[in-house]
Every structure is written in C-alpha cells, then in structure tokens.
J.: 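Shown below is the structure under consideration.
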Amino acid sequence: MEEAIPLTIDGYAYSGRIVHQPDARLAPIVLVGGAFQYQNAWGRLEQGFREVASVVTVDLPGWGGADRLPARYGFDFLAEALDQLLLKVAPGPVNVLGTSYGSAVAHRWARNHPERAGRVALVGTMAHLTEAVRDRVRHTVRMAEQGKREEFVESVLEGMVCFSPRVTISRRSTVIRCLSRALHDMSAEDLVKYRENSRRLLDHAELPGGPGVRVPVLVATGEHDPLATPALSREVAAQCADARFTTLRDADHLVHLECPEELVDLLVRFFSDAPLAGLEYCHPVERFRHRARAQLPAPRIPEGR
C-alpha cells in the first residue's frame with residue numbers, strides 16, 4: 001500500500017510517500033535523493049528495498065515536485081523538513097540512504113536526531129567541495145542562466161560521468177543517454193531549482209562542526225567517481241564515530257543507476273548488520289572507529305563482518 005503525505009514547512013510545500021511492506025524484516029528505509037532525483041523515480045533501488053522493508057521517499061523543498069527553496073536556507077532546514085515527514089510516517093528508528101546532494105541532508109538529520117536513526121548510508125558524498133568542483137558547479141549554473149542547454153548538459157555530465165575509454169563503467173552508454181534526455185527535458189522551473197540548490201551547495205556544503213554522526217554509517221561511491229571521489233568520500237567516513245567505507249567496481253557517481261542490484265545488496269547487508277567481507281562487486285570494506293574528531297584520521301580495521 002502506498003501513502004502520499006503533503007507537507008509544508010515555513011510556508012514551503014513539499015511531499016513524501018511511504019510504500020508499506022507488511023512483511024518487513026528491517027526498519028523502514030528512507031531514500032533522500034540527489035539534485036535531479038524525484039521521490040517516485042528510484043526505480044530498481046526502491047524495488048529491491050521493498051522486498052525487505054517499508055520504503056519512504058521525499059521531494060524536499062527545493063527539488064522534485066516541491067516548492068522552490070531560496071539558497072539562504074541551509075541543509076539543517078532540509079533535515080528538519082525530512083524529520084517532519086518521518087515523525088508522521090515512521091517515528092521509530094529508521095535506516096536512511098542519502099545519495100549525492102541528499103547525503104548532506106541525511107548526514108545532518110542523523111547528526112541532529114541520533115535517537116531515531118538506526119543506520120545511515122551515504123553514497124556519493126564528500127566532506128568539502130574542492131575548488132575544481134566549485135568551479136564546475138558555478139559553470140553549470142551560468143550555462144543554465146544563459147539558456148545554453150547543450151553546454152549545461154555537457155558540463156553536468158562531465159562532472160558526474162567517467163568518460164575515460166580505458167575505464168569500464170557498467171551501463172555507461174544507457175545511463176548517459178537517459179540522463180542527457182532528463183537534463184534536456186528540464187523545465188524553466190526545474191532550472192531555477194537547480195540554480196538555488198547549487199548555490200546552497202556552494203554556501204552550506206561543509207560538514208558541520210561539533211559532535212559527528214554517532215550511529216553506524218556506511219560511506220560508498222563508485223571507484224571512478226569524478227565528483228565525490230573515493231578520497232573525498234573516505235574523509236566523511238573518517239569523521240564518523242563508527243563507519244565503514246568502500247567503493248563499487250565499474251561505477252562512477254551514478255552508481256545507483258549503473259549497478260542498482262549490487263548497491264541494494266550492499267545496503268541491505270549493512271542495514272541488517274550482515275557481513276560485508278568478500279563481496280565481489282566492491283573493494284574491501286574499511287572500518288573507522290574513534291571517539292573524537294581530533295583523533296582523525298582514524299586507524300583502519302579490515303572489515304570482518
């Protein structure tokens with residue numbers, strides 16, 4: 001059974017949905033997507049998760065079918081919007097997946113509400129924006145504002161896709177074709193939302209100071225991700241109290257489209273506290289454990305479970 005939930009926060013309308021799984025063996029899984037992700041467009045990821053848990057998705061203010069959100073609102077505001085939804089549909093502990101842009105929201109929510117976060121997975125995330133990434137984001141915004149759609153599409157793709165002919169990327173041609181079409185089809189309103197979301201990313205992307213995420217965290221990305229590179233993603237894992245880190249083989253930033261079955265398997269294992277050792281589709285999982293941010297970088301422990 002699917003349930004839609006209309007919401008508002010500070011005057012901005014947004015919505016969530018939950019697909020109930022009566023035979024769930026895991027706590028509800030919450031999906032928080034990236035800059036071009038709609039709440040009903042998770043495809044194979046959602047289908048895989050629905051076999052084991054109820055699934056919650058959301059169009060937070062600023063993207064999807066929600067109202068546009070000015071860039072002055074940071075990720076803490078979006079985390080509270082997510083919390084408002086979860087208090088209605090899943091007030092108990094939940095497992096949360098944040099991908100790309102959505103990983104910042106998932107991180108803030110888990111940090112602010114550790115008592116309701118079971119486990120958290122961050123895919124395609126980074127602890128800070130490099131100057132190269134900042135320059136690329138600014139360039140995409142300029143191309144969108146100037147109406148240069150071809151240049152906009154090309155720049156977005158170059159930031160997310162590994163085009164090297166020496167590298168194997170699963171389903172690369174299909175993913176490029178689908179994403180290109182979606183970018184070409186963006187409406188004027190979609191482009192305004194992209195502009196504000198990009199400015200929010202530039203202004204508020206750094207991980208907050210103070211206590212880090214205290215619940216178990218899995219950080220993952222594609223081994224060839226040109227945006228949230230393995231090094232940048234690994235920094236996030238190193239700043240969590242109890243984290244695992246890995247990269248998926250033959251994938252870049254669009255790992256959820258390139259190897260969805262493998263990603264579902266990895267995440268279901270993590271959410272159910274199953275062993276993560278010896279998985280053929282990803283590199284060996286590293287474990288980070290420490291008590292204080294001042295101890296970074298933490299020692300790495302081979303993942304034995």
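The basis for the numbers below is simple: all heavy atoms, side chains too, and nothing from hydrogens, waters or symmetry mates. If you read the sequence from its start, that first residue is 1, and numbering goes on from there.
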J.: Quick check: Phe75 with Tyr101 (ring centres under 6.0 Å apart)?
T.: yes
J.: Determine whether a donor-acceptor pair (N or O, by modelled atom type, separation under 3.5 Å) exists between the side chain of Asp265 and the backbone of Glu261.
T.: no
J.: Is a side-chain donor-acceptor pair under 3.5 Å present for His113 with Glu80?
T.: yes
J.: So, do Trp63 and Phe36 have ring centers that fall under 6.0 Å from each other?
T.: no
J.: Side chains of Gln84 and Tyr14: is there a donor and an acceptor less than 3.5 Å apart?
T.: yes
J.: Answer with yes or no whether the side chains of His107 and Thr125 bring together a donor and an acceptor at under 3.5 Å.
T.: no
J.: Looking at Glu196 and Arg199, does any basic side-chain N land under 4.0 Å from a carboxylate oxygen?
T.: yes
J.: Could you tell me if Arg119 sits above the aromatic ring of Phe270, with its cationic atom closer than 6.0 Å to the ring centre and no more than 45 degrees from the axis?
T.: yes
J.: Does a side chain donor of either Tyr281 or Asp250 reach within less than 3.5 Å of an acceptor in the other side chain?
T.: no
J.: Verify the distance criterion only: is there a donor paired with an acceptor across the side chains of Ser15 and Gln39 at less than 3.5 Å?
T.: yes
J.: I'd like to know if the side chain of Thr221 pairs up with that of Asp225 as donor and acceptor (distance under 3.5 Å, no hydrogens or angles considered).
T.: yes
J.: With distance as the sole criterion, is a donor-acceptor pair present between the side chains of Thr140 and Tyr194 under 3.5 Å?
T.: yes
J.: Quick one: do Asp242 and Arg287 make a salt bridge, cutoff under 4.0 Å?
T.: yes
J.: Any chance CD of Glu145 has more than 12 other-residue heavy atoms, nucleotides or ligands included, within less than 6.0 Å?
T.: yes
J.: Using distance alone, with no hydrogens and no angle criterion, decide if Glu235 and His128 have a side-chain donor and acceptor under 3.5 Å apart.
T.: yes
